[in-house]
Every structure is written in structure tokens, then in C-alpha cells.
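A short write-up of the structure that comes next.
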Amino acid sequence: MDFISILSIFVLSCFVGYYVVWSVTPALHTPLMAVTNAISSVIIVGGLIAAAAAGVPGAKWLGLAAVALASVNIFGGFAVTQRMLSMYKKKERK
Amino acid sequence: MDFISILSIFVLSCFVGYYVVWSVTPALHTPLMAVTNAISSVIIVGGLIAAAAAGVPGAKWLGLAAVALASVNIFGGFAVTQRMLSMYKKKERK
Amino acid sequence: MMEFALLLAAGAADVPAWVLLAYLVAGVCFILALRGLSSPESSRRGNGYGMVGMAIAVVTTLATHEIASIAEIGMAIFLGGIIGLTVARRIAMTAMPQLVAAFHSLVGMAAVLVAAAAFLNPSAFGILGADGNILAVSRIEMALGAAIGAITFSGSVIAFAKLNGNMSGAPILLPARHVINLGTLGGILALTGLYALSGDAGAGEGMEFWIIVALAFLVGFLLIIPIGGADMPVVVSMLNSYSGWAAAAMGFTLGNTAMIITGALVGSSGAILSYIMCRAMNRSFVSVIAGGFGQDASAGGDKGSAIDRSYKAGSAEDAAFLLSQADKVIIVPGYGMAVAQAQHVLREMTDLLKEKGVEVKFAIHPVAGRMPGHMNVLLAEANVPYDEVFELEDINSEFAQADVAFVIGANDVTNPAAKTDKTSPIYGMPVLDVEKARTTLFIKRSMGGAGYAGVENELFFRDNTMMLLSDAKKMVEEIVKSLD
Amino acid sequence: MMEFALLLAAGAADVPAWVLLAYLVAGVCFILALRGLSSPESSRRGNGYGMVGMAIAVVTTLATHEIASIAEIGMAIFLGGIIGLTVARRIAMTAMPQLVAAFHSLVGMAAVLVAAAAFLNPSAFGILGADGNILAVSRIEMALGAAIGAITFSGSVIAFAKLNGNMSGAPILLPARHVINLGTLGGILALTGLYALSGDAGAGEGMEFWIIVALAFLVGFLLIIPIGGADMPVVVSMLNSYSGWAAAAMGFTLGNTAMIITGALVGSSGAILSYIMCRAMNRSFVSVIAGGFGQDASAGGDKGSAIDRSYKAGSAEDAAFLLSQADKVIIVPGYGMAVAQAQHVLREMTDLLKEKGVEVKFAIHPVAGRMPGHMNVLLAEANVPYDEVFELEDINSEFAQADVAFVIGANDVTNPAAKTDKTSPIYGMPVLDVEKARTTLFIKRSMGGAGYAGVENELFFRDNTMMLLSDAKKMVEEIVKSLD
Ligand SMILES: NC(=O)c1ccc[n+]([C@@H]2O[C@H](COP(=O)([O-])OP(=O)(O)OC[C@H]3O[C@@H](n4cnc5c(N)ncnc54)[C@H](OP(=O)(O)O)[C@@H]3O)[C@@H](O)[C@H]2O)c1
Ligand SMILES: NC(=O)c1ccc[n+]([C@@H]2O[C@H](COP(=O)([O-])OP(=O)(O)OC[C@H]3O[C@@H](n4cnc5c(N)ncnc54)[C@H](OP(=O)(O)O)[C@@H]3O)[C@@H](O)[C@H]2O)c1
């Protein structure tokens, strides 16, 4: 991808981010913080690339460390979000 | 630009379009119709490319016709939108 | 895999970066143009962004192409601009629905012309492959762009003719029309496939392209004639959406960000407005597009009984008396106000009432009139401040405290049958609770005439309703005289 | 112009199309994950989308790279996953602010590690230029990504320590701290520029990179220590935003759509939440970041006078009597409820009241507690149905009809000084009108203790206020006993 494509994608994503976050209901702002945390661990992709490559061993260990840290976040973030969200219930109508 | 970049831009634009249109106040739905009309004449870009190229004369005339039609829309659309919008006024507080 | 990768390799690889950037900026300007419409204050600035975006797109294109004849292009723009500006200045606000339809048809035609030009001169568009054929993916985009454009064109022309009264609004129902339409659409898709796979697809080669265009013109015509005149607003909005997708398709061909963003914006806008209208009318989009509503309904509505039942008629003086005695008046305008062009004199009336210390508000139903936001723009034209105009949800609870609900040319949007009568064609549509006001005044021309949905309104025969039978403009003028 | 074009030519040109498509799909999944949070019903499905998106991104990456050792990678993921899941299962809901801060620090550190790995092994990332140097634009992206990541890391560690009580919440004010901070930030930017322009920038070459990382760790630390513990929520949210921008910067380096979309989403989310908090507190973002609030305010608040003035204290029995006699009770929870973990017993109390036919609602101020949505999640934990919980705008007008406003551990969000006293630090912040209820009950531990803003609350001394001085959990337990 050329730089301008990436830039275009970034600019449009900022608009999407703006609108999508404003549409989150205030009651779910805490889960929002947790889930954005989880998805920002997509940085794991960078760690995997570094860890996968043979060659420079320093880079590989850094990559593995990044993968481990990001994994804490991914599993922890999604799980804690799920735990919170499962608590939000409607009144049971009897 | 490669196809996937274009596709990415398109997909993100659809999200932006969805949110931006829902955020338009219902009182301005008529101007919205007029202004979307005006901006969809960005198709004039295609007409200009065809009209600019030397060579195939048929294509040139088609391009010029497209430019003329799109221009009606651009000038007419923005002008009528402007005319409508200039009518929306707040109460003058005396 | 190789095949697929080749298919995806779009042309024009060596466009300078600043050009791509300029188109991106133009696209962002268009986003800001629509974003401005979130409130009247920001809307004028938004429109400015739209103009800037268009200027950037045009100038960038002109600057990056070897121009054969700038004079001819200038002429074309000048000619189009003059016509556009003249129309925009002259048009009456009540004619907006027609105008929008007419403008759509132009966008549709322009898309067809651009696609045809790309077909004849693909190298100018950078879509000619190394083998002398147009790139397969571009062929698909071109064919679809042309087809959508053609449907938009012929559909909009019919919509214009019906809205403008050049053609009867009654639905014209061909036998087996659904089969014909689906067959033609299927044919277009099949031909697109054939064209994409064809081995002879150089510049101007391939009859398939022209047949697709011809069929698409036909389908646009066939799709719209069975739809009743009153359903046209939904159709116009749908066509708006189509014109957006056509622009997006051409944007794919040209790899042009501005066109893609615009296409997605316009496409969403049309689709969402259609959805909003259908929801507010409690009708399914499919039933609108399938057509025939206007006719069935006017056959089904039992208008006959209206004349037999007793109702209370009033004069302009009675109305003026009731209004001037009231503490709070809520005005409900509808399609009849637009027909009679009564908005200006209505505004005079509210001024007089306000001078007498009466609190006056306007209540707008989401589908009052014949276009989304129709009433708002007419009231704005008559200088009614927009902070005195309220949406249904915001004002509906206030009718119970109002002394007078003043209904001028609205009918369906006040009909309580929508709340109670499951057999009514408007059942389930939200309505304004005008019957909760102490007195309800109804302006319409006759007891016989029904509204858009063709159903009778129970409210006309209630004790606390007074009918003011006359043209809306005349009636309000007389009320103004009596108030003075 | 050539230079510029070269600068813009990012690497890794021959990635197969399906890979790019997969990352796009992952990005769209993340959008849908946040979109799901627009209502509790759709939120669980949204979270599912998020997981799917992450799985797609990970699998795609693994499938397209020659993997040296899948066992090691598997171990790293397994180890991280176990820790993450354990923490997620064990953590108390009241500790969410700390947890979020801790997680942020991990994302920040991961970004630093990835940038460092790219620095050492650029060819694996496809960012090695033909001249043996790392591409200039990638150098900028890497340096910025590493710097933002490092700031996020050290800042989040401090925020965690302050929120978790490992470190005093009091702001630590270095002399000339603004100058030091700005200088260090300037240094980082200057070094980034030097590094980008450097001629020796092969794999692992360039001390600038490491200095940038070191300075960024320092700046993160310096930026956060002067900020009071209570301002931490705004800081955490700001750091969230940073971690998003760091991910986006790495996404530019890798040309990875999923990372770019995520970065923009997370970046906006953090920024908007910070904005919402600041607006609801009527403070400027700059004043939060400039630091020192907690200290100034507790010095400024004239708490001394509180003890001298007379107020009406009540017992649990008095409260139980008033509550059971009421027709309508509105409960206003605040930070004190979280501290005392009183949400479960509060829910028992409301059940008893509902059995007695009392109408009970919850009113949540946008910044009640110490985190956006803090009270909502605690009440949800205690099984309070979310349709009994209302936002400020939706319920504020109902206090006038309530017999009892039951304020449990909230203070600032009820303080009428925000409406009347221009000199108050909370002036202009919207507050809950608890004083309009017939009787107001206030649970807090002592008359001396003030809330977050450190200002006195006039309401404690009003005739229709009854103070219930005790720990919130104990007090509500006693009320429950008396109600039985
Ligand atoms: N706004 C949109 O976007 C949109 C789109 C599609 C469909 N629609 C439909 O349009 C309808 C709009 O409802 P509405 O209540 O505004 O209008 P309506 O139900 O169509 O009623 C119009 C009323 O105005 C009266 N009228 C017509 N000309 C008049 C004149 N010159 N002077 C005085 N009265 C006159 C008619 O009675 P007489 O003939 O007896 O005078 C009729 O009672 C809804 O059913 C809606 O679903 C709206
Ligand atoms: N939610 C957010 O996102 C956010 C972010 C940043 C800042 N803030 C700020 O935080 C504040 C929140 O307001 P708030 O009304 O919820 O809380 P507050 O004003 O901080 O007051 C907390 C109250 O709880 C009492 N309390 C503490 N522990 C208690 C216990 N164990 N049992 C009973 N009472 C206890 C305290 O009095 P005693 O000490 O006498 O018991 C105090 O009156 C606002 O000023 C807001 O601006 C919120």
C-alpha cells in the first residue's frame, strides 16, 4: 500500500472512531475503556512479525516479549469486558 | 492505488456516510437532498478526463456533455442549498 | 491466484502523491459538508466546505491532464453553470421535490456519459491493459456504473414528470411487471459478466456495453411507472442513493478517493432517508418499490361515508376568536399548506397572535408534506425562526396543555386511526396527538378530499373539532383580517 | 518532488491481496465491537466481533510469515493468555481503574518492543531501503511509535501506582516542571528529525533511537507525577488515547489496515472520554494535565467551618422509616459506594423497598465515582437492572416529585454551589437536584470529609437533609435490618 492510501484509511478511520465512540451509551463507558484496551493489543501483529523472523536474535526476543505482553492484554481485556457486559441485565418481567 | 486500498477506503467511507447522515437534524433533510445532489456531481472529474484527452473525438464529446450536465448540478445544487440554508434563522432576541 | 492478483491490479500507478492527497482533501471536505447539516448554525459553513471540495477536485483534475481544449471545457462548465444558477435562483421552494428529481437525472446521465467515454477512450483513464483490452475489473465497474447511471436517469425523469404533473401520478401497472423487471435486471448482470470475460474488449469493442446501457434505461423506466405519484419522494431518495453508488463505481475505475467517498456519502444518505420515510409511514421499502400503492388505497378507502356524517363547520371569524382567546396554540402544517403556498400568511397570523400574548409553536411530523424536511424549509422561507419549530417527539406531550391545535393542510399525520385501527393502511405510524388539545381547527378544502393514504380521519367528526373548509391561503388571510 | 515521492514509497509491495483484505476485515470487526456498545443488548455480540477480529489479525500474520519457531510464539501467547485470563477473572469491579491503567502500560511497552525489534531487524518488516538504510518515513513512524509507547508505559505505571495506593495520590510538584517537560518533548522531536535525516540508518544503527526511547520513558514519568491521584481517570483515558496513536504509528510502518483502524478508534475513544470527563467536571483539559489540582483545592476549601454549623443527624432506623413511608425514592450513588463496596447490600435494600410498593430509581451523574460509567458497572454487578438506572438529563426533573433522595457516598455531584457560587471550583458543572426532593438522606463517614473537589456541600446543613454518618456498607446493612 502506498503512503497516501494508508493516510486516507487513517483519516477516514478517525471519522469513524469519532462517531462510533460518541454513539456509545454512557452506561457502558467502563467496558469501552476495557475493550479499547484489548483491541489496541493488535500491536501483537508487529511482535509476531519480529518473533517469526529468523536471523537477528535480539529482535526475536523483543518480538516474543511483545507477543507475551500483548497476549496478557488481549485475553485479559476481552475476558474482563465480557465479564462486565454479562452483568448488564434488563429487569425480568414476571 | 491498489484495489484493496480503494476497497478499504470505500468500506470506511460507508461507515462515515452512515454516521454522518444519521447526525443530520431532520429539519435539514431537504437541504441534505440538495447538497448530496451537488456533491455527487463529482463525477465531473470523469467527464473532465475524457474531455481533456486528445484522440478519440467521440469520447471527447461525451466527456464535454458530461461536464456540462454535471456543471448544471454543481452550480444549481450548491446555490439552491445555500438559498435554503440562508432562510433558517433563529429568533431575534430583542 | 495469479489470475486474481492480476484482476486486482488497477491502472494509473504513477500518479503523483499530491494529486492523491488533493482528492482525499476534497473527499474530507464533502464529509464536512454533510456534517455541517447537524445544526442550522453550522450548515452554511458546511455548504462552503462542499464548494471548496468540488473546486479542489476540478482544479486537480485539470492540472494533471494534458488538456486538448480548455476553451471547450470552459464553455461546457460556463453553460452548465449558468443554467444551474438560473434554475436555483428561480425555483419556488414548493417545487423542491421536482427539482431534486431533475438534478438526479442529470447526475445519472453524466455517469452514463463518463462510462461511455471511458469505454471509447480507455487509455485516457489509464484502464487499458497491456494486452490491448480494458482491464477486466474496470470493465465490471464501467458496466455497473453505466447501468446504475442509466437507471437513475430514466427513473428520475419519470419521477420528475409525475411530481411536476407532466404525467398522471396514478401508478401504471403492466401485467407481469415483476417478471419483466427481474428478467431485465438479470440480463444486465449476465451481460456484465459476459463483457468482463470477453476476449475482445479493446477501446470501443464489445456490443455488450451498449446493450447493458439500453436495458438499464428501460429498467429505470419500468421500475418507476408502476409507483404512484405520492410515493415518489421515497423513489427520489432511492435514486439519490443509486446516483451515489454510480459515482462510487466510477471512482473505483479511476482510483479516485474523492469519488469513492462521495459515492458512499450520497449512497448512504439516500438509503437512510428512504428508510426514515418508510419507517415514519410504517410501510416496508419493498411495498413502496413493488408499486401500486396510490391506486389500491384510494380504491380501499371508504370515502363515501364522510359526507353523511355530521361535523361542525366554522368560519374565519370563529377561528380568529378561538385563537385570540387561547393561551397556547400549536400549529400543525401539512401537505395542503405547501399546495396553497400558505406559509407566508401563516407567519403573519402567528405574529399577530404573539402580539396578543398567545404562545405559538409549530409541530412537524417527520413525513408531513411530500419530502423529508419539507415543512421545515417552507416555514424557514416564511421567516419562522427554527427554534419555534419542534419535532414530533419533542412536542407531542404538549398538545394536552394547548388550547388550540391549528391543523393546516395536514391529514394523515394527525389521524388517530394509526394508533387504534389495525386494519388502517397507516396503522403503526406515529401521529401527532392533536385531539388532546382543547379545540382542534382543521383547514382543508372539502370534506370529500382525503390525504396521501386516502383514508378517512375520525377527528373531523368530533365535538371539539371545527372544520374550516376553504383553500388554506384564503382561509388564513381571512383569519388575519379578523384578528386585526 | 522526486525526493518526496521516494519518501512516500512504503515497502512490502508484493503482499498478496487476501492478506490486505483479511486485515481490513479485522479492522471492520473492531469497528463493530465498539459499535455494539451503543446498547447493552448488542454489546456482548460486539465483544465477540472484537475477538474474531483479533483472531483474524493473528492468524493472518502467522500464515504469511516464515516462522522460525512456532513453539516459542505459542509459549509466549499461552503465558500471556493465562496471566490475562487469571487477572480478568479475579479482579474486583471496584479495582477497574487500576486494571485499565495496568493494561495500558502493557500496550505501551509492547509498542516500544515492536519498534525496537523493527529497528534491529528492519528487513523482516519490509522497511529496509535499497541503500541499506531503513526508509526515512519508517524511521519517523518507528521513532514516534516507540516514543508514544514509552510515554504510555511509564505514565500508566505511575497512574496505576497512584490509583492502587502503592504511591501517595498527592501531586508531586517539581520546580520548573513545565520547562523540563517541554524541553524533553522538544528533544524527542529534534532527535526524531535527526534520525530521519541521518545517513547511517541501517539495521540497528543510530543511537538517536535509543535516546528517544529513554527520554520518552522519562517524560511519561515526569508528566504524570505532578497530577493528583483523583485526576488519574482523565490521565488514564488520555494514555488510552496515546496507546491508540502508538498502534496507528506502527500500522503506518507496517502498512497494516487493522492497526491503523484500531489506532484511530482507540485514539478517538480515549480523547473523547477525556473530553467528556473534563466537560462534566467543568474543567479544562489543560488544567488537568498541568497538574496540582488535588493539592490546591484541598488547601483552598474551607473545611474548618463545617464542624461548627448545626446539622440533623439520623440513625438507620430513622432512614428506614422515611424510606418505607415514601412513594418514590431516587438513589444517588457516588464514589463512597465504590469505596465501601456497598452496591450489593444497596440492591437488597431496593428489593425490600420495592416489595413494600415503593418506586425506586437510580440517578447517575456522568462523573460519579472515579471513572466514566463507574457506578453503572457496579450497579450492574449487583444485578440492578439497567432500565432502572437513569442518566442525569433523564431524571433530574423527577427529584421534585420524589419523597426521598438517598445519596450514598456522593458529594460533589449533588453540590448546588455548582449552580450558584461562581467562586467554587466546581462552578458550572451540571449537578443532580437532590435538594428538590421532600427529604434528602446523605450517607458519609464524617462531617469533616470532603469529596474529590475538596469543597463543602451546603446541603448538609439544610432542614430537610438528614445525615447518616457511617461507612456506607454498614449503614445500608443496618437499614436493611430495620426494614425487615
Ligand atoms: N414528507 C415525506 O417525506 C413523505 C414522503 C412520502 C409520503 N408522504 C406521505 O404524505 C402524507 C403527508 O401527510 P400530511 O398530513 O402532510 O398530508 P396529507 O395527509 O396528504 O393531507 C393533505 C391535506 O391537505 C388538504 N389540502 C390539499 N390542498 C389544500 C389547499 N390548497 N388548501 C387547504 N387544504 C388543502 C387535503 O384535503 P383537501 O383535498 O380536502 O383539501 C388533505 O387533507 C403522509 O401520509 C406521508 O406518509 C410523505
Ligand atoms: N467519574 C469520573 O470519570 C471522574 C473522573 C475524574 C474525577 N471525578 C470526580 O470525582 C467526583 C465524583 O463525585 P462523587 O459525588 O461521586 O464523589 P465525591 O464528591 O468524591 O464524594 C465522595 C463521598 O463519599 C464519602 N465516602 C467515602 N468513602 C466512604 C465510605 N466508605 N462510606 C461512606 N461514605 C464514603 C465521602 O465522605 P467521607 O470521606 O466523609 O466519608 C464523600 O462525601 C467528582 O468531583 C468528579 O468530578 C470523576
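Note on naming: letters A, B, ... go to the chains in the order of the sequence lines (proteins, then strands), and numbering restarts at 1 for each one.
Atom CD1 of residue B/Ile4 and atom OG of residue A/Ser5 lie 11.0 Å apart, to the nearest 0.5 angstrom.
By a heavy-atom distance cut of under 4.5 Å, B/Ser13, B/Phe15, B/Val16, B/Tyr19, B/Val20 are the residues of residues 13-22 of chain B near chain A, going up by number. The contact list for residues 29-38 of chain B toward chain A, using heavy atoms and a distance under 4.5 Å, is empty.
Applying the side chain to side chain donor-acceptor pair (under 3.5 Å) rule to pairs touching residues 48-58 of chain B yields nothing, sequence neighbours excluded. Identified under the side chain to side chain donor-acceptor pair (under 3.5 Å) test for residues 48-61 of chain A, with sequence neighbours left out: A/Lys60-D/Glu72.
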